[in-house]
Amino acid sequence: THQPFGALGFAVYARNDKLPPELKKEVSEKIQDAFNGATNPSYQGAMAIGLGLLDARSAAEDLWKKYEDSNDAPLKGYIAVSLGLMRVTARSEALREEIRKKGLEQKFRLQLARALGLMSDAEALPALIEYLQNAETLAEISAAAQAVGLIGDKTAVEPLLKIVRNESKQPMSRGFAEVALGILA
């Protein structure tokens, strides 16, 4: 049970700029090996975040393979955030496609939004705004609003104001568009 905490602590320690770069590389390799050898998704999620903190881009392919092979939404969310921390923009299109899917778990959608925000992927905004306009459940509406706010791009202000002013939209959608504006502000 100490392995995920050890991986995170090891990653935070190795980020220290005063340490030799070889140590950071060695720590990245050890965490990547542990990630590949682990079977517990919770452990793998912590290790994925550790790799992201270390900007271990050499692990990006292993992380993405696990993302594609897994059905565990929390693990996939942590992997997405890890790729966001590394700014692996080559995966942003796939994450944008994922975030458009109906019925995603709210926390997973937020992790995808965080990842895209870390990648500074403003291309995700139209999909999120569209999702906010068409979402049907409270969970979907709130997740879309939070995701728009988390990306933090000021180009979202005008489309959000259009939703707020459109009286034919659900009151819930309009209210959460205001929430997104508040997060942006």
Side-chain angles (χ1 to χ4, degrees), residues 1-101 104-125 127-128 143-144 146-156 183-184:
T1 60
H2 296 91
Q3 197 174 24
F5 297 104
L8 286 170
F10 209 16
V12 170
Y13 173 76
R15 285 176 50 119
N16 187 336
D17 291 335
K18 296 176 185 172
L19 297 174
E22 305 83 43
L23 179 64
K24 183 177 177 180
K25 184 177 187 247
E26 185 179 342
V27 170
S28 296
E29 290 169 356
K30 288 188 181 298
I31 294 175
Q32 184 176 355
D33 289 344
F35 173 84
N36 289 330
T39 57
N40 183 321
S42 296
Y43 291 16
Q44 289 174 318
M47 292 170 199
I49 294 297
L51 290 166
L53 290 171
L54 289 167
D55 196 24
R57 294 177 189 207
S58 60
E61 286 306 312
D62 286 351
L63 289 167
W64 188 251
K65 182 174 178 2
K66 180 58 73 178
Y67 181 95
E68 289 183 316
D69 292 345
S70 179
N71 290 323
D72 188 280
L75 172 59
K76 291 175 78 165
Y78 289 124
I79 290 171
V81 169
S82 177
L83 295 171
L85 288 166
M86 293 181 214
R87 286 154 188 77
V88 179
T89 57
R91 301 299 180 197
S92 60
E93 185 176 342
L95 296 178
R96 283 193 306 270
E97 287 299 317
E98 186 88 28
I99 209 167
R100 286 184 181 110
K101 292 180 180 175
L104 283 183
E105 214 177 277
Q106 180 181 2
K107 289 180 182 179
F108 180 41
R109 188 178 310 282
L110 284 172
Q111 294 290 56
L112 292 171
R114 283 187 184 102
L116 292 166
L118 288 165
M119 293 176 190
S120 300
D121 186 23
E123 289 182 44
L125 280 174
L128 290 169
Q146 289 176 21
V148 169
L150 287 171
I151 288 179
D153 189 321
K154 64 183 178 185
T155 61
I183 295 170
L184 279 169

Report yes if the side chains of V12 and L53 come closer than 4.5 Å at any heavy-atom pair, otherwise no.
yes
Of all the heavy-atom pairs spanning A127 and R100, show the shortest one and how long it is.
CB-NE, 3.2 Å
Salt bridge E29-K25, side-chain N to carboxylate O under 4.0 Å
yes
Side chain proximity check, Q146 to I183, heavy atoms < 4.5 angstrom
yes
NZ (K30) and CG (L54) are apart, to the nearest 0.5 Å, by 13.5 Å
Hydrogens and angles aside, do D72 and S70 bring a side-chain donor and acceptor to less than 3.5 Å of each other?
no
Heavy-atom check, side chain of L116 versus side chain of L128, under 4.5 Å
no
When you look at CG of N16, are more than 12 heavy atoms from neighbouring residues, nucleotides or ligands closer to it than 6.0 Å?
yes
To the nearest 0.5 Å, what is the distance between OG on S28 and CZ on F35?
13.5 Å
Quick check: closest heavy atoms across E105 and A73, and the distance to 0.1 Å?
OE1-CB, 3.9 Å
Side chain to side chain, K101 and F108, heavy atoms closer than 4.5 Å:
no
Mind listing the closest non-hydrogen atom pair of I151 and A113 along with its distance?
CG1-O, 4.0 Å
Using 0.5 Å steps for rounding, measure from the NZ atom of K66 to the NZ atom of K76.
12.0 Å
What closest approach, in Å, do A156 and V148 show between heavy atoms, and which atom pair accounts for it?
CB-CG1, 3.8 Å
Side chains of S92 and E123 in contact at under 4.5 Å (non-hydrogen atoms)
no
L51 versus L63, closest heavy-atom pair with distance:
CD1-CD2, 4.2 Å
To the nearest 0.5 Å, tell me how far L104 CG sits from L112 CG.
6.5 Å
Working to the nearest 0.5 angstrom, can you tell me the gap between M47 CE and Q3 CD?
3.5 Å
Within this structure, what is the CD1-CD distance for the pair I79 and Q111, rounded to the nearest 0.5 Å?
11.5 Å
Determine whether R15 and D55 make a side-chain contact, defined as any pair of heavy atoms from C-beta on separated by less than 4.5 Å.
no
V81 and L85, any side-chain heavy atoms less than 4.5 Å apart:
yes
Just by distance, do the side chain of R57 and the backbone of V88 share a donor-acceptor pair under 3.5 Å?
no
Side-chain heavy atoms of K24 within contact of L19, under 4.5 Å
no
Between E97 and R91 (salt bridge meaning N to carboxylate O under 4.0 Å), is one present in this structure?
no
Quick one, L83 with M119, criterion side chain to side chain contact (heavy atoms under 4.5 Å, CB included). Give me CA distance, side-chain angles, the key distance, then yes/no.
CA-CA 8 Å; L83 295 171; M119 293 176 190; 4.1 Å; yes
